[in-house]
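Here is the structure we will look at, set down as structure tokens.
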Amino acid sequence: MTHFADLQASAPRRPRNLAQGLVEDVSDRIRGGHILPGEKLPTESELMRQFGVSRTVVREALSRLQAAGLVETHHGIGTYALKPSDSADFRVDPADLATVRDVLVLLELRICLESEAAGLAAQRRTDVQLAQMRQALDEFCHSLATEGDTITPDFRFHLLIAQATDNRYFADLMSHLGSAIIPRTRINSARIADEDRQQYLARVNREHEDIYDALARQAPDDARAAMRTHLSNSRERLRRARAR
């Protein structure tokens, strides 16, 4: 934990995105060997104090680091650094997603990838996987009501669908992409949609529920259509924003 005193001193004072600033600092330390595999990271409260950010920012950053395979969290125990992968993983640098155009390009990939994943998941998902998806959506609803972190359960829902395809390449690709695939990690999606945050997230939640319903009914065509509608809605909102 002594490494984090240096980490705080070297952190940029006003990063473009608070969560991403924390992600970049911690990931650089892990990849550079300054934080060793198995080393316990400071608590959420300590990271909040060191970096002067909110708990939501810290949790978002830890979620991104976990999705990138750099840390793992054991609930009730803490978060620990992992050994960085030596393989040349396909990974999207969140810094490359800073513009609407970049997010649009990634959404095009997601529409192709996740629509088919939803169809396969509807055919192959287990009851346990469906229950995990339900839990992720319930956490999303709770966070929506309490104005908490909706990014973590949002990404987990999409990752669980990829895992339910029973094709590891879908899950591997989604894991490598990480939570930066969620547009609101990089842009103000609610503002672009001309809605307040609660209205925007409530609509996202309804779209998720449509996907879940098709998965629960094991209806692959409906699942593909619901996922395509969900992602296409995001794409069209961004396209309209660019045309303004």
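The figures here come from the full heavy-atom set of this structure, side chains too, leaving out hydrogens, waters and symmetry mates.
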Rounded to the nearest 0.5 Å, what separates atom OG1 in Thr43 from atom CZ in Arg49? 9.5 Å
Charged N to carboxylate O below 4.0 Å: is that the case for Glu116 and Arg224? yes
So, taking the atom named CD in Gln50 and the one named OG in Ser45, what distance separates them when rounded to the nearest 0.5 Å? 11.5 Å
Can you name the salt bridge (Lys or Arg N to Asp or Glu O under 4.0 Å) partners of Arg168, sequence neighbours left out? Asp172
Give me the atom names and distance for the closest heavy-atom approach of Leu107 to Leu231. CD2-O, 4.1 Å
Looking at Ala122 and Ala214, what are the two nearest heavy atoms and their distance? CB-O, 4.4 Å
Of all heavy-atom pairs linking Gly119 and Pro220, the shortest is O-CB, 3.4 Å
Do Leu18 and Leu65 land in one hydrophobic cluster if side-chain heavy atoms of ILVMFWY residues count as linked below 4.5 Å? yes
Shared hydrophobic cluster, Val204 / Leu144 (ILVMFWY, side-chain heavy atoms < 4.5 Å): yes
Nearest 0.5 Å, please: how far is CG in Leu70 from CD1 in Ile30? 5.0 Å
I need the Met227 CE to Asp210 CG distance, nearest 0.5 Å. 11.5 Å
Are any non-hydrogen side-chain atoms of Phe51 and Val58 less than 4.5 angstrom apart? no
Please assess Arg235 against Leu104 for the test side chain to side chain contact (heavy atoms under 4.5 Å, CB included), listing each intermediate value before the final yes or no. CA-CA 6 Å; Arg235 181 183 61 181; Leu104 271 171; 3.5 Å; yes
Check the pair Leu120, Phe170 against side chain to side chain contact (heavy atoms under 4.5 Å, CB included), reporting the backbone distance first and the verdict last. CA-CA 10 Å; Leu120 292 174; Phe170 280 100; 3.7 Å; yes
Residues forming a side-chain contact (heavy atoms from CB on, under 4.5 Å) with Ala225, sequence neighbours excluded: none
Does any pair with a residue in residues 111-130 pass ring-ring contact (aromatic ring centres under 6.0 Å, His included), and if so which ones, sequence neighbours excluded? none
Under the salt bridge (Lys or Arg N to Asp or Glu O under 4.0 Å) test, residues paired with Asp222 that sit two or more places apart: Arg217
Determine, using the 4.5 Å side-chain heavy-atom cutoff (strictly less than), whether Met174 and Leu109 are members of one ILVMFWY cluster. yes
Does any pair with a residue in residues 108-134 pass ring-ring contact (aromatic ring centres under 6.0 Å, His included), and if so which ones, sequence neighbours excluded? none
Please determine whether side chain to side chain contact (heavy atoms under 4.5 Å, CB included) holds for the pair Asn233 and Glu207, giving the CA-CA distance in whole Å, both sets of side-chain angles, and the decisive distance to 0.1 Å. CA-CA 10 Å; Asn233 283 346; Glu207 292 170 359; 2.8 Å; yes
Can you tell if the side chain of Leu137 reaches within under 4.5 Å of the side chain of Glu209, non-hydrogen atoms only? yes
Carefully, step by step, assess Thr146 and His142 under the rule side chain to side chain contact (heavy atoms under 4.5 Å, CB included). CA-CA 6 Å; Thr146 59; His142 176 73; 3.8 Å; yes
Taking side chain to side chain donor-acceptor pair (under 3.5 Å) as the definition, give me every residue that meets it alongside Gln132, ordered by chain and number, with sequence neighbours left out. none
Pairs satisfying salt bridge (Lys or Arg N to Asp or Glu O under 4.0 Å), at least one member in residues 136-145, at least two apart: Arg134-Asp138, Glu139-Arg156
Starting at CZ of Arg125, measure out to CG of Leu215 and round the result to the nearest 0.5 Å. 7.5 Å
Between Lys40 and Ile77, is there a donor-acceptor pair closer than 3.5 Å when you use the side chain of the first and the backbone of the second? yes
Would you check if the side chain of Ser27 reaches a backbone N or O of Glu24 as a donor-acceptor pair within less than 3.5 Å? yes
Could you list the residues that satisfy side-chain contact (heavy atoms from CB on, under 4.5 Å) with Thr79, not counting sequence neighbours? Leu41, Leu62, Val71, Thr73
Closest contact, heavy atoms only, Ile211 versus Phe157: CG2-CZ, 4.1 Å
What side-chain donor-acceptor pairs closer than 3.5 Å can you find for residues 159-166, not counting sequence neighbours?
unit_1, atom_1, unit_2, atom_2, d
Thr165, OG1, Ala162, O, 2.7
Thr165, OG1, Asn167, N, 3.1
Thr165, OG1, Asn167, O, 3.3

Sequence neighbours left out, what passes side chain to side chain donor-acceptor pair (under 3.5 Å) with Glu44? Give chain and number order. Arg55, Arg59
Give, for atom CG of Leu201 and atom CG of Asn205, the distance between the pair rounded to the nearest 0.5 Å. 8.5 Å
Side chain to side chain donor-acceptor pair (under 3.5 Å) involving Thr126 - partner list, sequence neighbours excluded: Gln129
Sort and list the pairs that fulfil ring-ring contact (aromatic ring centres under 6.0 Å, His included) and have at least one residue in residues 103-123, not counting sequence neighbours. none
Classify the ring geometry of His230 against His158: parallel below 30°, tilted from 30° to 60°, perpendicular beyond 60°. parallel
